[in-house]
Amino acid sequence: MAPPPVPVFWLLGKTGAGKTSLIRALTGATEAEIGNGYVPCTRNSVVYDFPPDDPAMRFMDTRGLGEVGYDPADDLAACESATHLLLVLARLDDPVQGPVAEALARIRRGRRMPVLVLHTAADCGSSDERARARAATQAHFDAAWGQPLPWLELSLATPETADLDALTAQLQAMLPGVVMLLERQKAVDAEDAEFQANRGFILRYTAAAAAAGGLPLVGAASVPALQATMLAALAARYRIDWTRRKLAAFLGALGTGVLGGQAVALLGRELALLIPGIGQTVGPVLSASWGLASTYALGRAAAYWMYRTREGLRIDEGELRSRYEAAFKRGRDASS
């Protein structure tokens with residue numbers, strides 16, 4: 001089974017609105033890396049995957065706004081199978097935002113999606129001038145969308161010094177767990193390095209598990225089924241033969257004290273679906289916050305267990321549970 005689609009951040013705005021600078025500020029990638037990493041998506045857009053080698057999220061940059069006859073149909077089709085957020089960027093010193101508003105109105109006729117307006121160049125002009133410009137542009141966008149849209153002012157003059165706290169908080173409120181997708185971590189040892197290499201893959205399932213609890217991800221399965229699929233795919237990445245014996249060994253090492261008896265039973269039955277000869281069942285859809293936290297924690301614990309099993313090293317059950325609990329707390333905090 002193919003892994004879940006990556007969440008898509010659709011960037012809409014005129015050339016120079018700050019789309020590449022926003023990607024750079026959020027991901028830490030250089031402008032050259034982003035430019036070289038762009039690949040065509042539709043006739044009007046390019047995409048940048050982050051991280052490039054094993055993406056946990058995708059930025060789609062719409063080009064050609066302001067050109068006569070822009071039609072977002074292809075862009076909508078490219079995004080319709082993924083959880084995504086529409087980020088509308090407009091410079092406060094550029095009052096000509098008609099093409100963006102027109103594109104926004106056409107997108108609105110396609111289907112609903114979360115939208116956040118970013119008024120960039122917040123370091124230009126006086127506060128009164130910026131307030132007037134923001135009010136005029138915001139009114140135009142609100143009318144195009146048919147309802148008031150959330151907004152933020154943002155300076156992206158230098159991505160390294162951009163104040164992203166308010167933006168991160170807003171993104172987190174609109175897409176729980178998004179901060180985990182943007183985190184950049186350094187490995188502390190060989191096991192952690194291999195986990196970091198697979199972290200984007202795990203986070204794709206983490207995002208899908210949150211979606212299964214309420215976000216509009218088309219075709220999302222139940223949380224236990226997603227977790228079962230993730231672990232089977234992760235075992236292949238770690239070159240582990242995912243057998244009934246190894247399933248039992250992993251669940252036994254993790255223990256009911258961590259997962260809880262009911263969660264172990266649900267997960268065990270769903271995992272068993274992926275092993276020939278074991279019976280069938282259907283797990284319930286669990287809450288978004290539990291799904292996000294438990295999926296990330298399960299992936300982290302499984303990565304540790306699979307690495308040490310493959311290398312013939314002793315499984316420290318206390319360390320296994322500690323890693324699960326720390327990852328669960330991180331996921332729970334990210335979904336709150």
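The first residue in the sequence is number 1, and the count goes up from there.
With contacts defined as side-chain heavy-atom distances shorter than 4.5 Å, the pair I23/F50 does not qualify. Annotation: side chain of Y304 is in contact with side chain of D316 (closest heavy-atom distance under 4.5 Å). The side-chain heavy atoms of Y38 and T20, taken from C-beta on, include a pair separated by under 4.5 Å. Side-chain contact between M306 and W242: present, with at least one pair of heavy atoms (C-beta onward) separated by less than 4.5 Å. Side-chain contact between L154 and L22 is present, with heavy atoms from C-beta onward closer than 4.5 Å. The side-chain heavy atoms of R108 and L104, taken from C-beta on, include no pair separated by under 4.5 Å. Side-chain contact between W145 and V88: absent, with no pair of heavy atoms (C-beta onward) separated by less than 4.5 Å. No side-chain heavy atom of L298 sits under 4.5 Å from any side-chain heavy atom of Y205.
Judged as a salt bridge (charged side-chain N to carboxylate O under 4.0 Å, His left out), and not counting sequence neighbours, the contacts of D61 are K19, R63.
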- Mind running side-chain contact (heavy atoms from CB on, under 4.5 Å) on Y48 and C41 for me, showing each step along the way? CA-CA 10 Å; Y48 175 74; C41 179; over 6 Å; no
### Query
Going through the distances and angles, do R323 and E319 end up as a salt bridge (charged side-chain N to carboxylate O under 4.0 Å, His left out)?
CA-CA 6 Å; R323 294 189 185 221; E319 182 65 20; 2.8 Å; yes
Give the C-alpha distance, both sets of side-chain angles, the deciding distance and a yes or no for side-chain contact (heavy atoms from CB on, under 4.5 Å) between T295 and L226.
-> CA-CA 8 Å; T295 301; L226 281 166; 5.9 Å; no
- Task: Show your working on side-chain contact (heavy atoms from CB on, under 4.5 Å) between L87 and F59 and close with a plain yes or no.
- Result: CA-CA 10 Å; L87 296 175; F59 295 90; 5.6 Å; no
Discussion item. Run the side-chain contact (heavy atoms from CB on, under 4.5 Å) test on T27 and E33 for me, step by step, so that the C-alpha distance in whole Å, both residues' side-chain angles and the decisive distance to 0.1 Å come before the verdict.
Written reply: CA-CA 11 Å; T27 65; E33 288 172 337; over 6 Å; no
- Report the C-alpha distance between D128 and R132 in whole Å, list the side-chain angles of each, state the deciding distance to 0.1 Å, and finish with yes or no for salt bridge (charged side-chain N to carboxylate O under 4.0 Å, His left out). CA-CA 6 Å; D128 288 343; R132 288 193 294 271; 5.1 Å; no
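Using cut-offs of 30° and 60° on the angle between ring planes, the pair H119 and F141 is parallel.
At a threshold of 4.0 Å, the pair E191-R300 counts as salt-bridged, since one of the basic side-chain nitrogens sits closer than that to a carboxylate oxygen. With respect to the salt-bridge test (charged N to carboxylate O, under 4.0 angstrom), the residues E317 and R321 qualify.
When every heavy atom of G125 is checked against every heavy atom of R130, the shortest pair comes out as O-NH1, 2.8 Å. The two residues A29 and R24 have their closest heavy-atom pair at O-CG, 2.7 Å. Closest approach of G331 to A293, counting heavy atoms only: C-CB, 3.8 Å. Here the closest non-hydrogen pair linking D74 and T42 is O-CG2, 3.5 Å.
Among I107, N44, V8, the single residue meeting the side-chain contact (heavy atoms from CB on, under 4.5 Å) criterion with D75 is N44.
Relative to the six-membered ring of Y296, R330 misses at least one condition, a distance below 6.0 Å or an angle of at most 45° to the axis.
Counting non-hydrogen atoms of other residues, nucleotides and ligands closer than 6.0 Å to CZ of R43 gives a total of 12 or fewer.
Atom CE of M57 is separated from atom CG of L26 by 7.0 Å, given to the nearest 0.5 angstrom.
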Return a table of donor-acceptor pairs under 3.5 angstrom between the side chains of residues 10-18 and protein atoms on other chains or two or more places apart.
unit_1, atom_1, unit_2, atom_2, d
W10, NE1, T62, OG1, 2.6
K14, NZ, D94, OD2, 3.0
K14, NZ, V96, O, 2.9

